[in-house]
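See below for the structure under consideration.
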Amino acid sequence: MSPTKPPILQIEDVRLTFRTREGAIRALNGASLTIHEGEAVGLVGESGSGKSTLARAVLGLNPERSSRIEAGRILMAGRDVTWLSQGEWEGERGHPVAMVFQDPLSFLNPIMRIGRQIAESIERHTPQRRVAERVGELLELVKLPSSLARAYPHELSGGMRQRALLAVALACEPRLLVADEPTTALDVTTQAEILALLRDLRERLGMAMLLITHDLGIVASACERLYVIYAGRVLEWGRTQNVFAAPAHPYTVGLFHAARADRDAKGRFATIGGEPPDLGEPAQGCPFAPRCPKAMTECVRSMPDATVLDQGESHAVRCWLYPQPGDAASASGRVVGG
Ligand code: ATP
Ligand code: SF4
């Protein structure tokens with residue numbers, strides 16, 4: 001991470017709405033997130049919290065007709081890409097940011113050999129390279145035999161397809177890889193192999209990564225920092241070790257309990273009670289209030305500012321349980337992004 005360079009990705013207070021027949025879905029409600037060069041950052045939250053929408057917004061992949069960024073901005077290596085059209089995105093995609101998905105088959109062309117798909121990606125972004133040689137290098141990089149260049153996607157196992165998709169993404173030499181649940185569809189052994197590969201690639205290529213997952217264990221093993229998102233808002237963020245040592249937001253605490261399968265006093269597995277939030281009618285106050293065991297009157301009135309929890313500014317939370325900026329009792333309560 002260079003202090004002189006702008007972050008590779010800066011998402012500032014983004015609000016994004018989907019238009020559906022049933023009405024507007026406010027999927028992002030002021031989401032902010034920063035990734036520095038070479039950094040691995042996790043984005044965690046329950047299903048429907050806005051993780052994939054945020055990831056797709058970074059690459060202009062939300063449907064142009066039915067989605068709209070209402071406010072905020074997205075900066076990529078300091079450049080504002082918030083309002084790029086689909087046509088403009090075509091030229092951008094892959095560099096400096098590339099993406100891999102949970103289901104590689106939805107991205108790989110079923111009737112094109114793997115080697116050709118990697119070659120097309122190379123030709124689009126670095127046409128000066130000797131393509132065949134580079135295809136071999138990329139297959140080697142993702143630990144696939146070069147003979148697989150002639151295979152079609154359906155001939156590969158799930159883990160091999162994910163490696164092939166990684167090779168297509170890496171052909172663009174991205175500075176940031178967005179990985180949306182890249183191991184969710186895989187068995188435990190293959191999952192571990194792909195995570196080890198991602199770690200290895202990051203070290204060798206100096207690439208930053210945004211890893212989207214509902215699995216806190218994966219974040220612990222793969223990410224230096226993490227963001228916790230709920231109802232399209234980031235509620236807690238910080239260095240992974242700090243958040244794991246002392247999760248601060250009641251929602252994060254609930255996620256940890258659920259992940260560790262803690263049992264309550266009656267011996268039942270802990271889950272986060274209550275209904276997921278209604279994104280048609282975003283809350284004026286804290287979106288977690290209807291499910292929060294510690295909710296207070298002010299929680300439903302307005303959203304708290306961010307409170308920095310440590311001197312290194314590596315851990316922050318948005319919750320009324322913590323001193324607010326300007327509070328007499330606050331030692332470190334200052335407004336920061338989030
Ligand atoms: P999951 O872990 O299940 O993938 P997520 O955290 O990635 O969930 P999103 O897929 O970002 O959540 O969805 C956030 C909200 O936006 C959900 O209510 C979802 O139904 C809605 N949504 C996502 N994509 C669209 C779309 N294309 N059109 C309409 N609504 C959408
Ligand atoms: Fe719970 Fe209030 Fe904190 Fe929201 S702001 S998490 S409702 S205590």
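Start at 1 and go down the list; that is how both ligands and their atoms are numbered. In this text the structure is predicted, and so the values were computed from the model without any measurement.
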Next item on the list: Check whether more than 12 heavy atoms from other residues, nucleotides or ligands sit under 6.0 Å from atom CZ of Phe244, and answer yes or no.
Entry: yes
Next item on the list: Do me a favour and list the nearest non-hydrogen protein atom to atom 22 (N) of ligand 1 with residue, atom name and distance?
Entry: Phe18 CE1, 3.5 Å
Next item on the list: Verify, without hydrogens or angle tests, whether Thr82 (side chain) and Ile74 (backbone) share a donor-acceptor contact under 3.5 angstrom.
Entry: yes
Notebook entry, point to check: Counting distance only, does the side-chain N/O of Arg225 pair as donor-acceptor with the main-chain N or O of Glu39 below 3.5 Å?
Noted result: no
Check: Numbering the atoms of ligand 2 from 1, which are under 4.0 Å from a heavy atom of Cys286?
Finding: 4 (Fe), 5 (S), 6 (S), 7 (S)
Margin query: I need the atoms of ligand 2 closer than 4.0 Å to a non-hydrogen atom of Cys292, numbered in the order shown.
Written below: 1 (Fe), 6 (S), 7 (S), 8 (S)
Next item on the list: Considering only non-hydrogen protein atoms, determine which one is nearest to atom 5 (P) of ligand 1 and report residue, atom name and distance to 0.1 Å.
Entry: Gly48 N, 3.5 Å
Notebook entry, point to check: Does atom 24 (N) of ligand 1 have a protein heavy-atom neighbour under 4.0 Å away?
Noted result: yes
Margin query: When you measure from atom 19 (C) of ligand 1 to the protein, is at least one non-hydrogen atom found at a distance under 4.0 Å?
Written below: no
Check: Are Arg113 and Glu155 close enough for a salt bridge, meaning some N to O gap below 4.0 Å?
Finding: no
Check: Under 4.0 Å from ligand 1, counting heavy atoms only, is it the side chain of Leu54, its backbone, both or neither?
Finding: neither
Check: Which of the numbered atoms in ligand 2 are below 4.0 angstrom from a heavy atom of Ala289?
Finding: 7 (S)
Margin query: With a 4.0 Å cut-off on heavy atoms, is Arg56 in contact with ligand 1?
Written below: yes
Checklist line | Proximal atoms of ligand 1 relative to Leu279 (non-hydrogen, under 4.0 Å) | finding: 15 (C), 18 (O)
Next item on the list: Mark yes or no for whether Lys51, through its side chain, and Gly45, through its backbone, hold a donor-acceptor pair below 3.5 Å.
Entry: yes
Check: Hey, is the main chain of Arg65 close enough, under 3.5 Å, to the side chain of Arg19 for a donor-acceptor pair?
Finding: yes
Notebook entry, point to check: Looking only at atom types and distance, does a side-chain atom of Gln117 sit under 3.5 Å from a main-chain N or O of Met112, one as donor and one as acceptor?
Noted result: yes
Check: Should you measure from each heavy atom of Glu46, which atoms of ligand 1 turn up under 4.0 Å away?
Finding: 6 (O)
Next item on the list: Determine yes or no for a side-chain-to-main-chain donor-acceptor pair under 3.5 angstrom, with Ser314 supplying the side chain and Arg239 the backbone.
Entry: no
Next item on the list: Could you list the atoms of ligand 1 found under 4.0 angstrom from a heavy atom of Pro63?
Entry: 27 (N)
Checklist line | Sub-4.0 Å atoms of ligand 2 with respect to non-hydrogen atoms of Cys299 | finding: 2 (Fe), 5 (S), 7 (S), 8 (S)
Margin query: Assess whether a salt bridge exists between Arg134 and Glu137, defined as any Lys/Arg side-chain N lying under 4.0 Å from an Asp/Glu carboxylate O.
Written below: yes
Notebook entry, point to check: Is ligand 1 less than 4.0 angstrom away from at least one heavy atom of Ser49?
Noted result: yes
Item checked: Polar atom proximity, Ser47 to ligand 1 (N or O, under 3.5 Å) -> yes
Margin query: When you measure from atom 1 (Fe) of ligand 2 to the N, O or S atoms of His249, does any of those distances fall below 2.8 Å?
Written below: no
